[in-house]
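Reviewing the structure listed below.
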Amino acid sequence: MIYSKRIVTVASGIGRRRAAAKVDKAPNYEKRRKEISEAAARVFNRKGFSGTSISAVAQELSIDRASLYYYISSKEELFDELVREVSESNLEAAQNIRNSDQSPAEKLKSLIVQLMGAYAKNYPILYIYIRENLEDVADSRSKWARSMKQINHDYDEAVISIIQQGYDDGSFVNLGSAKVVSYGVLGMVNWTNRWFKPDHSDIDAQAIGEMYANIITNGLASGTLDLAK
């Protein structure tokens with residue numbers, strides 16, 4: 001019983017130091033957190049979320065597991081924080097593009113290029129997230145799952161709105177449901193998770209984004225993607 005109390009005391013002490021370091025934004029703390037995040041992303045990419053453990057992340061960094069708990073409380077905390085930060089940034093970018101003065105075609109191009117760039121810049125964390133099922137998260141992560149579903153919904157709405165703007169001003173041929181078209185656009189870009197690796201690809205994310213953007217916007221503008229005709 002005394003041993004159990006000691007564990008709780010030590011754990012709570014680490015939690016207090018971690019919280020204090022976050023508030024103070026200690027340079028060494030933030031640097032180490034970044035290193036841990038990058039190592040965790042590599043492990044998540046190889047093993048998937050369910051197959052990753054704190055021990056595996058510690059092994060990736062060649063340190064003991066106990067040292068990690070000063071920086072993170074669990075793999076869930078680390079994964080969820082990484083995904084949420086990047087996803088919120090992408091949503092803000094999409095909404096800014098939607099609300100800009102660009103034409104619908106230019107908006108769609110900008111959005112596709114930005115999203116592809118985000119996948120490369122934050123590789124592989126967003127690709128890992130794409131492969132995860134939010135319906136299967138533990139109850140302790142339900143709040144995070146709900147917030148991510150809202151972010152996903154709001155992002156989808158930004159893309160749908162851009163497609164609808166093109167329908168409304170006549171710059172896009174109306175091929176049917178703006179929602180279905182937008183899901184097709186996102187599906188095309190998201191499928192790169194199966195093959196794109198920034199460090200091993202002979203074509204960069206910018207070029208891929210521009211290529212996809214031209215295929216999609218040219219098709220919408222000319223109506224050549226309307227298979228019903």
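In this chain, residues are counted from 1 in sequence order. Source: prediction; values computed, not measured.
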ask   = Salt bridge or not for E35 and R32, using N-O below 4.0 Å?
value = yes
Query raised in the report: Given E210 and N214, is the side-chain hydrogen bond (donor to acceptor under 3.5 Å, both in side chains) satisfied, shown in steps?
Result: CA-CA 6 Å; E210 291 176 351; N214 285 330; over 6 Å; no
Separation between CE (M116) and OG1 (T192), nearest 0.5 Å, reads 3.5 Å
Value for CG (L115) from CG (N190), rounded to nearest 0.5 Å, stands at 6.5 Å
query = When the ring planes of Y119 and Y127 are compared, do they come out parallel, tilted or perpendicular, using 30° and 60° as the limits?
reply = tilted
Problem set entry | Backbone N/O of L175 and side chain of Y167: donor-acceptor pair under 3.5 Å | yes
Of all heavy-atom pairs linking A120 and F196, the shortest is CB-CE2, 3.9 Å
OG of S100 to CG of L111, rounded to nearest 0.5 Å, is 10.0 Å
Same cluster or not: I215 versus I203, using hydrophobic residues (I, L, V, M, F, W, Y) connected whenever any side-chain heavy atoms lie under 4.5 Å apart?
yes
Check: Can I162 be reached from V180 by stepping across I, L, V, M, F, W or Y side chains whose heavy atoms are under 4.5 Å apart?
Finding: no
- side chain to side chain contact (heavy atoms under 4.5 Å, CB included) between L91 and E157, intermediate numbers included: CA-CA 10 Å; L91 173 59; E157 286 300 311; over 6 Å; no
CD1 of I97 to CD of E92, rounded to nearest 0.5 Å, is 11.0 Å
Do E76 and W144 have side-chain heavy atoms sitting under 4.5 Å apart?
no
Rounded to the nearest 0.5 angstrom, the OG-CD1 distance for S201 and I208 is 4.5 Å
- Query: Is there side-chain contact between I125 and F79, with heavy atoms separated by less than 4.5 Å?
  - Reply: yes
Lys/Arg N to Asp/Glu carboxylate O, R33 vs E81, below 4.0 Å
yes
Say whether D169 and Q165, considering side chains only, have a donor N or O and an acceptor N or O under 3.5 Å apart. no
Here the pair of heavy atoms bringing S37 nearest to L78 is OG-CD1, 3.6 Å
Side-chain heavy atoms of V43 within contact of K75, under 4.5 Å: no
- Message: Are K121 and L126 packed together at the side-chain level, in the sense that at least one heavy-atom pair is separated by less than 4.5 angstrom?
- Response: no
Under 3.5 Å donor-acceptor, S161 side chain and A158 backbone
no
Report task. Please examine the side chains of L68 and L61, heavy atoms only from C-beta on, and report whether any two atoms are closer than 4.5 Å. Result -> yes
task = Tell me whether the guanidinium CZ or amine NZ of K197 lies under 6.0 angstrom from the six-membered ring centre of Y123 and within 45° of its axis.
result = no
Side chains of N99 and Q95, donor plus acceptor under 3.5 Å:
no
Yes or no on side chain to side chain contact (heavy atoms under 4.5 Å, CB included) for I72 and I54, after CA distance, side-chain angles and deciding distance? CA-CA 9 Å; I72 59 173; I54 290 293; 3.5 Å; yes
Within a 6.0 Å radius of atom CZ on R65, are there more than 12 heavy atoms belonging to other residues, nucleotides or ligands?
no
Going through the checks in order, is the side chain to side chain contact (heavy atoms under 4.5 Å, CB included) test met by L186 and Y155? CA-CA 10 Å; L186 294 175; Y155 193 97; 3.7 Å; yes
Between S67 and I63 the two heavy atoms that sit nearest each other are CB-CD1, 4.3 Å
Given the options D80, N122, N152, Y129 meets side chain to side chain donor-acceptor pair (under 3.5 Å) only with N152
Side-chain ion pair, K34 and E38, N-O less than 4.0 Å
yes
Do L108 and F172 touch side chain to side chain, with heavy atoms closer than 4.5 Å? yes
Taking the side chain as everything from C-beta on, heavy atoms only, tell me whether L220 gets closer than 4.5 Å to I163.
yes
Heavy atoms of A105 and T217 approach each other most closely as O-CG2, 3.6 Å
Check: What's the verdict on side chain to side chain contact (heavy atoms under 4.5 Å, CB included) for D156 and H153, showing C-alpha distance, side-chain angles and the deciding distance?
Finding: CA-CA 5 Å; D156 290 346; H153 174 270; 5.6 Å; no
One should read off an interatomic distance between D154 CG and S87 OG, to the nearest 0.5 angstrom, of 11.5 Å
With clusters defined by side-chain heavy atoms of hydrophobic residues (ILVMFWY) lying less than 4.5 Å apart, directly or transitively, does I130 cluster with Y183? no
Please evaluate residues K47 and E60 with respect to the criterion salt bridge (Lys or Arg N to Asp or Glu O under 4.0 Å), reporting the C-alpha separation (whole Å), side-chain torsions for both, the decisive distance (0.1 Å), and the verdict.
CA-CA 12 Å; K47 298 176 176 291; E60 182 78 9; over 6 Å; no
Smallest heavy-atom separation, P124 atom then A41 atom, equals CG-O, 3.5 Å
Correct closest heavy-atom pair for S110 and Q102 would be OG-NE2, 3.2 Å
For this session: Assign the ring pair F44 / F49 to parallel, tilted or perpendicular, where the plane angle (0 to 90°) is split at 30° and 60°.
Result: parallel
